[in-house]
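The structure under discussion appears below in the form of structure tokens.
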Amino acid sequence: EDTPKEQTSEVMDAMFERKVTAEEKVIEQGDDGDNFYVIDGGKFDIFVNEKNVGSYNEEGSFGELALMYNTPRAASIVATTDATIWGLDRATFRRIMLVAAFKKRKMHE
């Protein structure tokens, strides 16, 4: 049975590093979601319908909604500094989430 520590290890092993430059658009509102990202450093602005609605400063994550619900990206994310993010692809993300949900259900049977 996987423990949370083993699940975390599985997620970390599956992630890939991506370096982005200032003003690079990481995700585009309306696109299909392909990856979930965790910020490892840098700053990002969040845009919905081209309006700045928030920002990430050196930490946070984004992109999970499109992967979880198979819907288009709800916002655009633009780097405002050079930055490092770690990505997890849709197939791996969904498999890990489904396995976790299945195990949680089995625990409560």
Side-chain angles (χ1 to χ4, degrees):
E1 182 172 317
D2 280 358
T3 64
K5 190 173 185 175
E6 287 166 338
Q7 279 182 319
T8 302
S9 174
E10 182 180 3
V11 169
M12 297 301 286
D13 289 346
M15 295 187 93
F16 58 90
E17 186 179 28
R18 179 174 164 193
K19 302 276 189 191
V20 296
T21 56
E23 299 185 30
E24 183 174 338
K25 192 173 280 187
V26 180
I27 62 175
E28 173 94 44
Q29 183 177 359
D31 283 357
D32 289 335
D34 52 357
N35 296 304
F36 160 68
Y37 295 104
V38 177
I39 298 167
D40 191 22
K43 298 179 181 179
F44 299 81
D45 280 342
I46 307 161
F47 294 90
V48 175
N49 300 325
E50 298 180 24
K51 180 173 183 263
N52 188 326
V53 297
S55 62
Y56 293 105
N57 189 356
E58 302 293 334
E59 62 184 14
S61 60
F62 53 87
E64 70 281 0
L65 293 177
L67 299 187
M68 289 171 64
Y69 303 111
N70 208 21
T71 59
R73 295 288 193 193
S76 294
I77 306 291
V78 179
T80 57
T81 64
D82 290 350
T84 302
I85 54 180
W86 289 84
L88 185 66
D89 69 86
R90 173 197 296 271
T92 305
F93 179 87
R94 289 183 67 88
R95 183 177 53 79
I96 290 167
M97 297 304 290
L98 286 169
V99 166
F102 177 77
K103 288 187 172 161
K104 195 174 193 177
R105 195 174 315 125
K106 290 294 263 186
M107 271 179 23
H108 297 291
E109 281 182 351

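Values reported hereafter were calculated over all heavy atoms of this structure, with side chains retained and with hydrogens, waters and symmetry mates removed.
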[X] side chain near [Y] side chain, heavy-atom distance below 4.5 Å:
| X | Y | result |
| --- | --- | --- |
| I39 | E59 | no |
| K19 | D82 | no |
| E64 | F93 | yes |
| K25 | V78 | yes |

[X] and [Y]: same hydrophobic cluster, using ILVMFWY side-chain contacts below 4.5 Å?
| X | Y | result |
| --- | --- | --- |
| I27 | V53 | yes |
| V48 | L65 | no |
| V20 | I77 | yes |

Of all pairs that satisfy ring-ring contact (aromatic ring centres under 6.0 Å, His included), the ones with a partner from residues 59-85, not counting sequence neighbours: Y37-F62, F44-F62, Y56-F62

With sequence neighbours excluded, residues passing side chain to side chain contact (heavy atoms under 4.5 Å, CB included) with D40: T84, W86

For E23, side chain to side chain contact (heavy atoms under 4.5 Å, CB included) partners two or more places apart: none

Taking every non-hydrogen atom, the tightest pair across G41 and A83: O-CB, 3.1 Å

Closest non-hydrogen atom pair, T81 against G42: OG1-CA, 3.3 Å

Under-4.0 Å salt bridge between R95 and D89: no

Under 3.5 Å donor-acceptor, Q29 side chain and R73 backbone: no

Exam field: side chain D13 to backbone M15, donor-acceptor pair closer than 3.5 Å: no

Residue from N70, N35, D32 passing side chain to side chain donor-acceptor pair (under 3.5 Å) with R90: N70

OG1 on T80 to CG on D45, rounded to 0.5 Å: 5.0 Å

From CZ (R18) to CD1 (I85), nearest 0.5 Å: 5.0 Å

